[in-house]
Amino acid sequence: MFTCALLAVVSLLFAVHYFYTSRKRRENEPPLIKGWIPFLGKALEFRKDAYKFLDEQKRKHGDIFTVQIAGKYMTFIMDPLLYPYIIKHGRQLDFHEFSNKVAPVTFGYPPVHSKLHPGLKEQIQRAFKLLQGDNLTPLTESMMGNLMLVFRQDHLGHGGWRSGSMYQFCLSVMFEATLLTMFGHPAAARRQTGMSTLRNDFVKFDNKFPLLIAQVPIWLLGETSAVRKKLINHFLPDRMSRWTDMSEFIRMRMEVFENYENLRDVDKAAHHFAMLWASVGNTVPATFWAMYYLVSHPEALQAVRQEIQEVLSLSGVEFSSDTDVKLHRDQLDKLRYLESTINESFRLSSASMNIRVAQEDFSLRLGESRSVAVRKGDIIAMYPQIMHLDPEIYEEPKTFRFDRYVHNGAEKTDFYKDDQKLKYYLMPFGSGSSMCPGRHFAMNEIKQFLCLLLLYFDLQLEDGQSRAELDPSRAGLGILLPSADVRFRYRLRVV
Ligand code: HEM
């Protein structure tokens, strides 16, 4: 009895102390949503279903509000017409401060520090150019060869129907082909045996990725620490030096790291491991969704297959299942309906959060006559999934329409809110200074995968498959995974 009373008094004192000492909304600041749990604030509700939580807050508090989430104050800008003011904002809003805190802890390398590693951050950024522009051509050609290699090795050459799990299919093909393209080929005999172990370890790590990003200590996550160590060791410099046909991008990163004596070999390897995650972590689920939507919409599949065949025959090539397909970069660029299909599946499956950190207290301008006060250290966040599913911008937003991004045979780029044309209407790759440097490569490799799939195979969902649903557990971090795998059937087309 006495203990209960004491507990009640202590709790009351805590609540009163929290009420008086915690943050209060100041003049010109957005509405503040704290919740009753000190420090955590609204973290649990946000983590359970970020889309639902933000949508509800938007209805209650309008387009701009600040939420306490796990000790941080996050100001969400919900109106996509305001996005340009965040994306084009200069030095007062920084992206890399956040990523440089979170990525090293997740992937196991020391934070990149301008005094300890002068120029390293800039050189890493500069190397991203090797994923873009003219450099995309050799990368795309190499990916084509590697995809063909993996298809021949694992999937071509059998007649009759076979069945498979769609996510597993995408994972095994895209993981291996992307790894070979970026990092090169180990000795042939070891490639196949090592690949499945590496992929399985990657999946184990990837399953814990949301917890690591949320800064849960790795020692609390069972075998994850040992698995990460194995993955990192795969990229030790003396092993990598024996791989052939490595991309210029990874070669340059190796050279850059060599110039820093205070980076140990395991640190360099951990940077490479992080790049492996960046290059497949989102690409695999994105490939899955594009394949899933095509296979479950036969009329879309038929239209896209016809487009691919037309582009091939325009260059004088008639497809035959006995020969290897080669699609060059300029041919991939012509595949409008395929690109629209991929963009539409990005729209339906992407839930990345775009984050900037306020470098000082200042007034953030959001138009001619609007501004809000933000405090140093606060996070400014955009959550484009809300825009992607907004019925005012996208008619029937939950419906897959493979041609949503095509108009009169060209790319459709005009989407409206409040009768105003949106500058940003599709944001699976982030925005502005933090935009994904691998986005063009990602688009090309997904296109290449789908071209081979549609040219070589007849495809069907197995009977009785229910609709694939999004698993919300990595909301905020990129492309969502399906909550369960989907069974499908495929057989070689005889052409
Ligand atoms: C569908 C596939 C992909 C998606 C949806 C995706 C999405 C993203 C997103 C949302 C970000 C963070 C941007 C921000 O916070 O504003 C990012 C960053 C990054 N992505 Fe991708 N990505 C994909 C594929 C790739 C590929 C294939 C590569 C490399 C070959 C890559 C390399 C990177 C790197 C290095 C960063 C960090 C950039 C920085 O620190 O400045 N991504 N990606």
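Indexing begins at 1, ligand by ligand and atom by atom, following the structure's order.
Side chains of T181 and N146: a donor-acceptor N/O pair is present below 3.5 angstrom, by distance only.
Of all atoms in ligand 1, numbered sequentially from 1 with element shown, those under 4.0 Å from a heavy atom of M275 are 35 (C). For ligand 1, the atoms sitting less than 4.0 Å from at least one non-hydrogen atom of E445 are 27 (C), numbered in the order shown with element in parentheses. Using a 4.0 Å cut-off to heavy atoms of I479, the atoms of ligand 1 that qualify are 5 (C). When each atom of ligand 1 is checked for a heavy atom of P428 under 4.0 Å away, the hits are 5 (C), 7 (C), 10 (C). Atoms of ligand 1 lying under 4.0 Å from any heavy atom of F128, numbered from 1 in the order shown and given with element: 35 (C), 38 (C), 39 (C), 41 (O). Atoms of ligand 1 found under 4.0 Å from any heavy atom of Q125, numbered from 1 in the order shown, are 41 (O). Interface atoms of ligand 1 facing M182, defined by a heavy-atom separation under 4.0 Å, are 30 (C). Ligand 1 places these atoms under 4.0 Å from at least one heavy atom of S279: 26 (C), 27 (C), 28 (C), 29 (C), 30 (C).
A donor-acceptor pair is defined here as one N or O able to donate and one able to accept, closer than 3.5 Å; such a pair exists between the side chain of T106 and the backbone of V102.
Protein heavy atom at the shortest distance from atom 38 (C) of ligand 1 is P437 CD, 3.6 Å. The nearest heavy-atom contact from the protein to atom 25 (C) of ligand 1 is A278 O, 3.4 Å. Of the protein's heavy atoms, C436 CB, 3.5 Å lies nearest to atom 17 (C) of ligand 1. Looking at atom 41 (O) of ligand 1, its nearest protein heavy atom turns out to be H96 NE2, 3.2 Å. The closest protein non-hydrogen atom to atom 12 (C) of ligand 1 is S434 O, 4.0 Å. Atom 15 (O) of ligand 1 has its closest protein heavy atom at F95 CE1, 3.4 Å.
Within the 4.5 Å cutoff, no side-chain heavy atoms of V105 are placed close to those of K101.
Scanning both residues, A358 and R375, for their nearest heavy atoms gives CB-O, 3.5 Å. Closest non-hydrogen pair, L130 versus E248, comes out as CD1-O, 3.6 Å. Summarising the geometry of R404 relative to T399, their closest heavy-atom pair is NH2-O, 3.0 Å, with the distance given to 0.1 Å. Nearest heavy atoms, L332 versus Q448: CD1-CG, 3.8 Å. Taking each heavy atom of Y109 and A270 in turn, the nearest pair found is CB-CB, 3.8 Å.
Residue D134 qualifies as open at atom CG: its count of foreign heavy atoms under 6.0 Å is 12 or below. Annotation: K229, atom NZ; neighbour count of heavy atoms from other residues, nucleotides and ligands within 6.0 Å does not exceed 12.
Between R264 and D267, at least one side-chain nitrogen of the basic residue sits less than 4.0 Å from a carboxylate oxygen of the acidic one, meeting the salt-bridge criterion.
The backbone of S431, and not its side chain, has at least one atom closer than 4.0 Å to an atom of ligand 1 (non-hydrogen atoms only; backbone = N, CA, C, O). Of the heavy atoms in F346, only side-chain atoms (C-beta onward) come closer than 4.0 Å to ligand 1. Contacts between T178 and ligand 1 below 4.0 angstrom, taking non-hydrogen atoms only, are absent altogether. Contact annotation: for R439 versus ligand 1, there are no heavy atoms closer than 4.0 Å. With a 4.0 Å heavy-atom cut-off, ligand 1 is reached by the side chain of A286 but not by its N, CA, C or O.
A ring pair (Phe, Tyr, Trp, His ring centres under 6.0 Å) with F169 is found for one member of F175, F488, Y292 and no other, namely F488.
The closest non-hydrogen atom to atom 9 (C) of ligand 1, taken over F429, W277, W289, F441, comes from F429.
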